[in-house]
Amino acid sequence: MNDLIKDIYETIEPLSNGEAIDISEYQIEVFGKAMEAALRSWANPTHRDSNFNIRMSNVGKPVRRLWFDNKYKNTHSDSKPSAHTQIKFLYGHMLEELVKLFVIISGHDLTGQQKEVVVDGVSGHIDCIIDDEVVDIKTASGFAFNKFKNGTLRDDDPFGYLGQLAGYEESEGTNKGGLLVI
């Protein structure tokens, strides 16, 4: 796991020299199907229950914020995501699939994609397991990326990423996983 980013860059580096990289037809097909699934899922949203439920994706958020977010959502009909937010959602799903392709072609073991887990009644879906460690893939703006790069996320984690990761690791009995951010 410690060499994952280095391995990805080394795998892709030959492109900078005009050389081909090894991506099998099977890997291309799987990636294409994953992109198709991401697009279909995005274009056909499922109705979510309006009742609030704690999930792994929000378990790390401050309780007060969860309460206000839920109260706002249920009292304001205009609280739906905007069109530009919907585009960001699609972009995030597509980048997650691209990152997983990079992991695979760099020779790392990727399993457990979207594995459903439950810890103390709280459910969620693990993005993936890389080299037997839980990994949650995140997309971030250049500004937000600095929290990950500089190691300051622990001091300012408004989305509860660390709590989410801790829940996933608890479910899998691991403790060396992390966030893979693009």
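Computation of the quantities below employed the complete heavy-atom set of this structure, encompassing side-chain atoms and omitting hydrogens, waters and symmetry-equivalent molecules. Since this is a predicted model, take the numbers as computed values, not measurements.
The closest donor-acceptor contact from the side chain of Ser106 to the backbone of Phe102 lies under 3.5 Å. Side chain of Ser141 to backbone of Ala144: a donor-acceptor contact under 3.5 angstrom is found. The backbone N or O of Gly177 sits less than 3.5 Å from a side-chain atom of Glu169, completing a donor-acceptor pair.
Heavy-atom contacts from other residues, nucleotides or ligands closer than 6.0 Å to CG of Asn44 number more than 12. Around CG of Asp132, the count of heavy atoms belonging to other residues, nucleotides or ligands within 6.0 Å does not exceed 12.
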Please set out all donor-acceptor pairs under 3.5 angstrom arising from side-chain atoms of residues 2-11, sequence neighbours excluded.
from: Asp7; atom 1: OD2; to: His108; atom 2: NE2; distance (Å): 2.7
from: Thr11; atom 1: OG1; to: Asp7; atom 2: O; distance (Å): 2.8

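Going from atom CZ of Phe148 over to atom CG of Leu153 covers 5.0 Å, rounded to the nearest 0.5 Å. Remark: Asp155 CG to Lys147 NZ distance equals 10.0 Å, nearest 0.5 Å.
Contact detail for Pro14 and Ala20: the closest heavy-atom pair is CB-O, 4.1 Å. Residues Glu116 and Ser123 share a closest heavy-atom pair of OE2-CB, 4.4 Å. The two residues Ser171 and Ile126 come nearest to each other via the heavy atoms OG-CD1, 4.0 Å. The two residues Asn146 and Thr152 have their closest heavy-atom pair at O-OG1, 4.3 Å.
Note: the hydrophobic cluster containing Phe89 does not contain Ile87 (ILVMFWY, side chain heavy atoms under 4.5 Å, direct or indirect links). Tyr91 is not connected to Phe145 by any chain of hydrophobic side-chain contacts under 4.5 Å among Ile, Leu, Val, Met, Phe, Trp and Tyr, and they are in different clusters. In the hydrophobic clustering of this structure, Val181 does not group with Met94; members are Ile, Leu, Val, Met, Phe, Trp, Tyr whose side-chain heavy atoms approach within less than 4.5 Å, directly or through other members. Transitive grouping of hydrophobic side chains (ILVMFWY, heavy atoms separated by less than 4.5 Å) brings Ile137 and Leu95 into a common cluster. Under a hydrophobic-cluster definition in which Ile, Leu, Val, Met, Phe, Trp and Tyr are linked whenever side-chain heavy atoms come within less than 4.5 Å, directly or via other members, Met35 and Ile182 are assigned to the same cluster.
Taking 4.5 Å as the limit, every side-chain heavy atom of Asp136 sits out of range of all side-chain heavy atoms of Leu180. By the 4.5 Å heavy-atom criterion applied to side chains, Leu101 and Ile28 are not counted as neighbours. At least one side-chain heavy atom of Leu90 sits less than 4.5 Å from a side-chain heavy atom of Leu39. With contacts defined as side-chain heavy-atom distances shorter than 4.5 Å, the pair Leu110/Ile129 does not qualify. Under the 4.5 Å side-chain criterion, counting only non-hydrogen atoms from C-beta, Lys88 is not in contact with Thr139. Side-chain contact between Leu162 and Leu179 is present, with heavy atoms from C-beta onward closer than 4.5 Å.
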Q. Ile105 and Gln27: side-chain contact (heavy atoms from CB on, under 4.5 Å), yes or no, with the steps?
A. CA-CA 8 Å; Ile105 66 173; Gln27 291 165 333; 3.7 Å; yes
Q: Walk me through it: do Asp109 and Ile130 pass the test side-chain contact (heavy atoms from CB on, under 4.5 Å)?
A: CA-CA 5 Å; Asp109 186 39; Ile130 300 174; over 6 Å; no
Q: Report the C-alpha separation of Asp127 and Gln114 in whole Å, then their side-chain angles, then the decisive distance to 0.1 Å, and conclude whether the side-chain contact (heavy atoms from CB on, under 4.5 Å) test is met.
A: CA-CA 5 Å; Asp127 283 344; Gln114 295 305 312; 3.4 Å; yes
**Q.** Residues Asp131, Glu133; criterion side-chain contact (heavy atoms from CB on, under 4.5 Å); working and verdict
**A.** CA-CA 6 Å; Asp131 300 335; Glu133 290 294 337; 5.9 Å; no
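Under the 4.0 Å criterion applied to side-chain N and carboxylate O atoms, Lys100 and Glu97 are assigned as salt-bridge partners.
A donor-acceptor pair shorter than 3.5 Å cannot be found between the side chains of Lys80 and Gln86. Side-chain atoms of Tyr168 and Glu172 form no donor-acceptor pair, as typed in the model, at a separation below 3.5 Å.
The aromatic rings of Tyr161 and Phe159 lie parallel to each other, with less than 30° between the two planes, well short of the 60° mark.
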